[in-house]
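Below: the structure, in structure tokens.
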Amino acid sequence: MSERHDEEREFDLRWAEGAEHKEPSARARMLAARWKENPPGPVPFRADPEHGRSRRRHRSPWTSAALVLGIVAAVILLLGYLEFRAPF
């Protein structure tokens with residue numbers, strides 16, 4: 001009889017969302033237990049701008065666009081020159 005009773009139950013999202021208490025996920029419980037003894041330190045939202053510049057040189061967007069357009073123009077000219085010189 002209990003199997004038939006279980007089949008008659010209908011669980012939908014409204015029923016689940018209407019629950020007063022939602023159990024946290026296993027990861028949330030693990031982090032809460034870990035942070036209780038050793039809380040995490042503050043983490044900056046974004047990296048310090050000076051830190052990123054030390055590894056590479058910063059180009060302006062116009063310089064990058066001009067570089068790309070120059071390379072495209074050079075490839076087009078090279079292909080045109082090779083087609084002009086082709087014997088067939």
Side-chain angles (χ1 to χ4, degrees):
M1 175 150 176
S2 66
E3 290 177 2
R4 187 169 27 145
H5 185 65
D6 287 341
E7 290 175 359
E8 292 174 0
R9 288 187 184 168
E10 182 179 333
F11 298 104
D12 59 4
L13 291 177
R14 287 175 293 172
W15 176 82
E17 289 173 354
E20 293 206 14
H21 175 72
K22 293 183 182 180
E23 185 176 334
S25 66
R27 179 168 172 75
R29 290 191 307 264
M30 180 211 46
L31 290 175
R34 183 184 300 170
W35 290 346
K36 187 181 259 186
E37 297 173 8
N38 186 14
V43 177
F45 180 69
R46 297 199 171 146
D48 194 14
E50 294 301 319
H51 178 68
R53 289 185 184 170
S54 64
R55 290 186 292 163
R56 60 184 168 97
R57 202 174 107 216
H58 180 70
R59 286 191 184 130
S60 74
W62 291 107
T63 306
S64 298
L67 181 66
V68 169
L69 290 175
I71 291 172
V72 168
V75 168
I76 290 172
L77 289 174
L78 178 65
L79 291 175
Y81 176 74
L82 291 176
E83 186 175 314
F84 179 72
R85 293 205 38 161
F88 47 91

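- To the nearest 0.5 Å, atom CG of residue L82 and atom CG of residue L77 are 11.0 Å apart.
- Applying the side chain to side chain contact (heavy atoms under 4.5 Å, CB included) test between I76 and each of V72, L79, L78 identifies V72 as the sole match.
- Annotation: R34, atom CZ; neighbour count of heavy atoms from other residues, nucleotides and ligands within 6.0 Å does not exceed 12.
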